[in-house]
Chemist: 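Take this structure first; my questions come after.
Quick caveat: nothing in here was measured; it's all calculated off a predicted structure. The figures here come from the full heavy-atom set of this structure, side chains too, leaving out hydrogens, waters and symmetry mates. All chains are named by letter (A, B, ...) in the order of the sequence lines, taking the proteins before the strands, and each is independently numbered beginning at 1.
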Amino acid sequence: MEYNPSEIEPKWRKWWQENGTYQVNNHSEKPKYYILDMFPYPSGAGLHVGHPLGYIASDIMARYKRLKGFNVLHPMGYDSFGLPAEQYAIQTGIHPEVATEQNITRYREQLENIGFSFDWSREVRTSSPEYYRWTQWIFMQLFGHYFDKKAEKALPIAQLEQYFAQNGNAGIQAACDDDTPAFSAAEWNAMSQTEQQQMLLKYRLTFPSEEFVNWCPGLGSVLSNDEVKDGVSERGGYPVERVLMKQWVMRITAYADRLIDGLDTVDWPDPIKDQQRNWIGRSKGASVKFGVDGYPDYHIEVFTTRVDTIYGVSFMVLAPEHELVRELTTDAQRSEIDAYVRWAASRSELERMSEVKKVTGAFTGAYAINPFNGERVPIWIADYVLAGYGTGAVMAVPSGDQRDWNFARHFNLPIIPILDAQQNMEEAADPTKEGRYINSGMINGMDYETAVPTLIEWLEKKGLGKGKTQYKLRNAVFSRQRYWGEPVPVYWDSNNIPHLIDEADLPLTLPKVDKYLPTETGEPPLGRAKDWYYKPKDGSEGGPLEMNTMPGWAGSSWYFYRYMDPKNGEAFCSPEAINYWQDVDLYIGGSEHAVGHLLYSRFWNHFLFDTGLAPKKEFAKKLINQGMIQGRSSFVYRAKERFFEEYLMLKVLKPFFNEQGPFEVHAPDFEEAWQYDFAFGASDLVIEVTSYKLIDKIEQIRAAAESDQKRLLVLSVEELADNINRPDRIAEKISDALKSKEKFIMSRETPKSEQLFVSFNLVHKYNPENLTRLHVDISYVNNDFLDTEKVRQLSMFKNAAFKLDADGKFLTCPEVEKMSKSKYNVVNPDDMVAQYGADCFRMYEMFLGPIEVSKPWNTNGITGVSGFLRKFWSLFFDNAGQWKVVDGEPSADELRVLHTCIKKVTEDIERFSMNTCVSHFMIATNELRDLKCSKRAVLEAMLALMAPFAPHVSEELWHLLGHTSSVCDAQWPVLNETYLKTDSINYPIQINGKLRAHVDLPSGCTDEEAIAAALAVEQVKKWLDGQTPKKVIHVKGRMINIVV
RNA sequence: GCGGGAAUGGCGGAAUGGUAGACGCGAUGGUCUCAAACACCAUUGGCUUUACGGUCGUGCGAGUUCGAGUCUCGCUUCCCGCACCA
């Protein structure tokens, strides 16, 4: 039998499905292992070879853990709400649900094709009502809770109401809006129902709020920052304005500390943790109020992380937009300040970014007073201070902060050293915290650790400031003005207070709409729905339903629990299921989700934990980032008409120079002066290069030549393209024309070619301006060489001529780019599977390199893996296709090869080094082949090792060995170290760390024996040259180093 | 500007501080074949040498060490993330 993946692979996929091989039970004696891939969005473009990279790695892990005796949960589903389907719906009128369904079908086919061990009976889709009713339900829980800072957890809002009724809000420590007023119990009890509800919104974990958004009236939607370029939308170029809009917001800031601290408890890559810490941006410092000279009522509040540098403040800087700028500016400075403010407002973000080194600013004429020493310091404005961040004011300490230093240098402001350890103050700021304070009043002589609390205590006593922890993190906007998302289960009463709908009325399903666009009045698409109104069953007052939908991250923030119990209609997940599976043991996905999905889902999970719904604070123990697979595009160079003039000059006309004397050349800059492309000085012949199609142009030139009394030779570019590899033919033609007496010479043959493409390795010979660079579909390219015959299928190349290189080949120019349809560099996994088989595809993706590294897709090496699989097969079948596996005791060598492979593969899977696993399989296969090993005991163990990587071929051979159950339920082979030992070891001998000789020694030899043997080696004696070694190092089983 | 990561043959990449370049691709030579493909065998970092060998070599420059691709410090370039974040 021959190895034929296209036959065996579908057979086993069918068998696995019929036998329910991948179905997982929520009850088991075995330990659980939950391995999860990040949720894909089913896009219309289908899967490309980059997507499965992580899925293959997780599938290998899942199969490996199963062989090791775990009950493994490895599910797959779809994050199926999303913008692309909605945009498609706007264009075509097709309901997003229909398009999404089609896309999912296609994804499923493609995924199935690769032989994953997903339990498809657990598939979930965020856009199905059975799923999103629970997303809505979790939203309702968030609405019903507040965050208690004393308990450090979410508590029911009813408890808060009770507390307010008894105590007012004094003494409560809860996360709430900044503008929450203080009120007593009496005041609370005197409030109307509406007023109380209004107040409670300031505490709820999700609440409506007025937020600034980038509103684009032209598109009828809100845009993200990066969709806005220079104040207009990137798509369409419509104006964008910052407007306040009522949005649902999640109070994620309440969890800022827990989200930072929780990072220390999970095994995630440090770059991801760093990004999250950075995003949350916890900085401990102090807020300090500076007085303003002559304005006793005004204060300028600043936040600083280096309050210890306060005596080094030599000026203040306000943002140009700061509210006090107008009032503080003196008349003398007014014109300068006004001009600067106007200039700053005119500057785009881009300009500000690119000119960080340019120092600009203006003096207001006013002075601030340092609360510590009463010193007057000038108040400046500069655009490096942002109005929207912090207080919009900075205390400038030029000795410790480089940007302040630059500013001080530029405007000649004092630079005051404050620590005795600060150095090179003349060249740059020194932000050190080392040493003792100088010039620093009450903290003189102290170190950093004692100075900070001293200063903060003083500030707080005087009421001029306080120690403060500041976060960069903002509350997360949870509303989208879209159709294709989860409806928010909320209605608004006549007093404009939001209320949850009754839990029994979940799911609140998406209504039908006539169009997927905003209404004429600017309301979201749900505003088009009829009867989008809620009437409670208890007969109380109802109201219109919320028209915003939830964002994409809503459904993906808790999906890992739904897989545990996907069909449950009573709960988002049964307590039994969640207590069995607990949390995700291994999560694999791209690092682009570092702060979006991964932070929001941690937030939701902390909340679910607080309410007792989830058993663990962190939902994923270990996270692995998979690298991106980039595309490898191929470019070809197409000649523009001017290329042929250049070509003629370089290749053809040079010899005529000697015979005919200098000729004159049409130069682009003198188009008016020169009528012809080439003119021979000593002859009356002129040459015109043009397309034969341009009859009018040829006639004009001909008339001009006649009136100039010149003879005209017309060379068509098509003809030149045809003869591009035969310049001699063109030369002959010119030569004939020179000898001829004819007035007008033009080829009568119909040229074949329309366009000329130049091989990449010849491109350097020509002016790049004469060539156009174009993508060519990579399916016509092999090892960067273009298949010049096959490519004629494309209309663009139908009549093309190719300028080939010296070897007669046409080279394309490769470039690594994002994999995308428009770049013609997409590789579809289906094609790879059809050509090489799923097992080969899986192993090759792993073989490409470490899982976490991004790399371009390149099939150049796939034949190596394909060849390996055939070699592996040939351990079981001889050349004639006869089964050759025999029983019998394996030899010591055979066992050594097998157990080396067991050791390496086990170690490498555990550390996710899948690429080296494939190498080990290749090595073992080559060695077993050399040993002519076909022993059942060895091959059976090899199959178990191979099964996670190449499940189809392993299953086939496993059954041919006589098994009736799946190879998935085999046992992972156990390593026996004794088989690894060899009798002798070939030791390298180094002299002074340089390899000089080798010696064979028995594997158990002592230091003395090894050293004596090493010194006796002829080569070593030569290098020692009679000297006694100073020192000899013997690393057992490794090497010997002799120091002379 | 800040933070993180990386840099090893023609290419993808190996290498618990211990023989740098495993494994694969590509290339070269050979066997098989009418021929091609497949397959198989051999060679394949640079320089040098008939050969044995010598010598240089993991982005650059120092350092620690008997020994550094690996550890430390300084630099260069590239990639990723964040971004006037005080």
Side-chain angles (χ1 to χ4, degrees), chain A residues 269-275 277-279 281 283 285 302-306 309 317 319 349 352-357 382-386 388-397 400-404 406 470-473 591-592 594-595 625 627-628 630 783-784 814 816 843-844 847-850 852-868 870-871 874 879 904 907-908 913 915-926 929 986-998 1019 1022 1029-1044:
Chain A
D270 286 330
I272 295 283
K273 292 187 183 184
D274 286 344
Q275 278 183 61
R277 287 194 191 100
N278 222 317
W279 188 266
S283 48
V302 297
F303 175 80
T304 175
T305 52
R306 287 296 302 275
T309 64
V317 189
E349 288 266 303
R352 288 182 165 202
M353 271 193 272
S354 55
E355 289 173 24
V356 280
K357 284 188 183 114
D383 71 350
Y384 76 83
V385 179
L386 282 188
Y389 190 79
T391 59
V394 175
M395 60 176 226
V397 184
D401 183 285
Q402 190 58 43
R403 210 169 30 196
D404 296 343
N406 293 345
Q470 186 158 294
Y471 301 91
K472 212 161 75 179
L473 184 73
S591 57
E592 67 271 22
V595 286
N625 280 131
M628 267 205 296
Q630 293 140 317
N783 284 341
D784 295 336
V816 173
M843 288 193 110
Y844 183 63
F847 189 60
L848 228 40
E852 66 278 4
V853 177
S854 288
K855 55 216 157 250
W857 177 255
N858 184 347
T859 43
N860 286 354
I862 199 167
T863 53
V865 176
S866 175
F868 152 72
R870 272 197 295 274
K871 273 188 210 172
S874 72
N879 286 342
K904 300 250 184 194
E907 283 172 3
D908 287 358
S913 175
N915 55 331
T916 50
C917 288
V918 180
S919 297
H920 300 317
F921 288 130
M922 289 174 170
I923 293 167
T925 301
N926 287 339
R929 225 157 96 105
N986 187 251
Y987 272 73
I989 302 175
Q990 295 178 348
I991 313 279
N992 292 337
K994 285 200 187 256
L995 179 71
R996 295 299 179 191
H998 286 94
Q1019 276 289 326
K1022 196 181 106 193
K1030 275 190 201 149
K1031 193 175 174 185
V1032 183
I1033 292 130
H1034 172 229
V1035 182
K1036 249 192 182 352
R1038 275 292 185 183
M1039 45 71 72
I1040 295 163
N1041 188 15
I1042 300 167
V1043 187
V1044 184

Chemist: Choosing from G13(B), U16(B), C66(B), which nucleotide comes nearest the side chain of Pro850(A)?
Modeler: G13(B)
Chemist: Would you say Arg929(A) reaches C40(B)'s phosphate, i.e. side-chain N/O to OP1/OP2 under 4.0 Å?
Modeler: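 So the side chain of Arg929(A) is within the cut-off, an N or O lying under 4.0 Å from OP1 or OP2 of C40(B).
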Chemist: So what does Met922(A) hit on the nucleic acid, given a heavy-atom distance under 4.0 Å: a base, only sugar-phosphate, or nothing?
Modeler: sugar-phosphate
Chemist: If the C1' atom of U19(B) is compared with that of C2(B), how far apart are they to the nearest Å?
Modeler: 43 Å
Chemist: Tell me: NE2 of His920(A) to C1' of A22(B), nearest whole Å?
Modeler: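 Taking atom C1' of A22(B) as the reference, NE2 of His920(A) is at 9 Å.
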Chemist: Could you measure between the two C1' atoms, the one in G46(B) and the one in A20(B), and give it in whole Å?
Modeler: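 Rounded to whole Å, the distance is 14 Å.
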Chemist: What interatomic distance, in whole Å, is found between C1' of G9(B) and the corresponding atom of G45(B)?
Modeler: 5 Å
Chemist: Evaluate the side-chain proximity of Arg1038(A) to Tyr987(A): yes if any heavy-atom separation is below 4.5 Å, no if none is.
Modeler: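 Side-chain contact under 4.5 Å: no.
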Chemist: Taking atom C1' of U19(B) as reference, at what distance in whole Å does atom CD of Gln990(A) sit?
Modeler: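 About 7 Å, once rounded to whole Å.
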Chemist: Determine the contact category for Asp274(A): base if any of its heavy atoms lies under 4.0 Å from a base atom, sugar-phosphate if only primed atoms, P, OP1 or OP2 are that close, otherwise nothing.
Modeler: sugar-phosphate
Chemist: Which whole-number value in Å describes the distance from Ile989(A) CD1 to G18(B) C1'?
Modeler: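 In whole Å, G18(B) C1' lies 14 Å from Ile989(A) CD1.
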Chemist: Considering every strand shown, what is the Watson-Crick or G-U wobble mate of C40(B) when both distances are under 3.5 Å?
Modeler: G30(B)
Chemist: Using a cut-off of 4.0 Å on non-hydrogen atoms, how would the nucleic acid contact of Arg870(A) be classed: base, sugar-phosphate, or nothing?
Modeler: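 Arg870(A): backbone/sugar contact only, no base atoms under 4.0 Å.
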Chemist: P atom, A22(B) versus G12(B): distance in rounded Å?
Modeler: 15 Å
Chemist: Considering only the C1' atoms, how many Å lie between U72(B) and U64(B), rounded to the nearest integer?
Modeler: 7 Å
Chemist: To the side chain of Val853(A), which of G13(B), A86(B), U19(B) is closest?
Modeler: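 Nucleotide nearest to Val853(A)'s side chain: G13(B).
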Chemist: Base, sugar-phosphate alone, or nothing: which one does His998(A) contact when heavy atoms must sit under 4.0 Å apart?
Modeler: base
Chemist: Taking side chain as C-beta onward, heavy atoms only, is Asn926(A) less than 4.5 Å from Lys871(A)?
Modeler: yes
Chemist: Can you check the distance between A62(B) and G57(B), where both ends of the measurement are the P atom (answer in whole Å)?
Modeler: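 It comes out at 11 Å once rounded to the nearest Å.
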Chemist: Have a look at Ile923(A) and say if it touches a base, only the backbone sugar-phosphate, or nothing, with a 4.0 Å heavy-atom cut-off.
Modeler: sugar-phosphate
Chemist: I'd like the P distance from G18(B) over to G67(B), given in whole Å.
Modeler: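 Those two atoms are separated by 14 Å.
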Chemist: What's the closest nucleotide to the side chain of Thr305(A) if the choices are A86(B), C23(B), C66(B)?
Modeler: A86(B)
Chemist: Counting just side-chain N and O atoms, does Asn926(A) come under 4.0 Å of either OP1 or OP2 of G24(B)?
Modeler: yes
Chemist: I'd like a table of atom pairs between the protein and nucleotides 52-59 of chain B - only N or O on both sides, under 3.5 Å - with the distance next to each one.
Modeler:
unit_1 : atom_1 : unit_2    : atom_2 : d
U55(B) : OP2    : Arg996(A) : NH1    : 2.7

Chemist: Nearest-Å distance, CD1 (Ile862(A)) to P (G26(B))?
Modeler: 12 Å
Chemist: Assign Lys871(A) to base, sugar-phosphate, or nothing according to its heavy-atom contacts below 4.0 angstrom with the strands shown.
Modeler: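 Sugar-phosphate, no base atom in range.
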Chemist: What's the closest nucleotide to the side chain of Thr863(A) if the choices are A22(B), G24(B), C25(B)?
Modeler: C25(B)
Chemist: Rounded to whole angstrom units, what separation is found between the CG atom of Asn625(A) and the C1' atom of G4(B)?
Modeler: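 Roughly 12 Å, once rounded to whole Å.
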Chemist: Pick the C1' atom in G81(B) and in A27(B), then give their distance to the nearest Å.
Modeler: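 Those two atoms are separated by 40 Å.
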Chemist: Figure out the CE/C1' separation between Met1039(A) and G18(B), and round it to whole Å.
Modeler: 5 Å
Chemist: Can you see if the side chain of Asn915(A) gets near the phosphate of G12(B) - specifically, an N or O under 4.0 Å from OP1 or OP2?
Modeler: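 The answer is no; no side-chain N or O of Asn915(A) sits under 4.0 Å from OP1 or OP2.
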Chemist: Of all the heavy-atom pairs spanning Ile272(A) and Asn625(A), show the shortest one and how long it is.
Modeler: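 So the two residues come closest at CG1-OD1, 3.1 Å.
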Chemist: For G9(B), does the O4'-C1'-N9-C4 or O4'-C1'-N1-C2 angle fall within 90° of 0, making it syn, or is it anti?
Modeler: syn
Chemist: Does the side chain of Ser913(A) pick up a donor-acceptor pair with the side chain of Thr916(A) at under 3.5 Å?
Modeler: yes
Chemist: Students often get this wrong, so: under 4.0 angstrom with heavy atoms, is Asp404(A) touching a base, only sugar-phosphate, or nothing?
Modeler: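 Nothing, no nucleic acid heavy atom in range.
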Chemist: Send over the distance from Phe847(A) CZ to G12(B) P, rounded to a whole Å.
Modeler: 13 Å
Chemist: Can you tell me which nucleotide in U19(B), G67(B), C82(B) comes closest to the side chain of Asn1041(A)?
Modeler: G67(B)
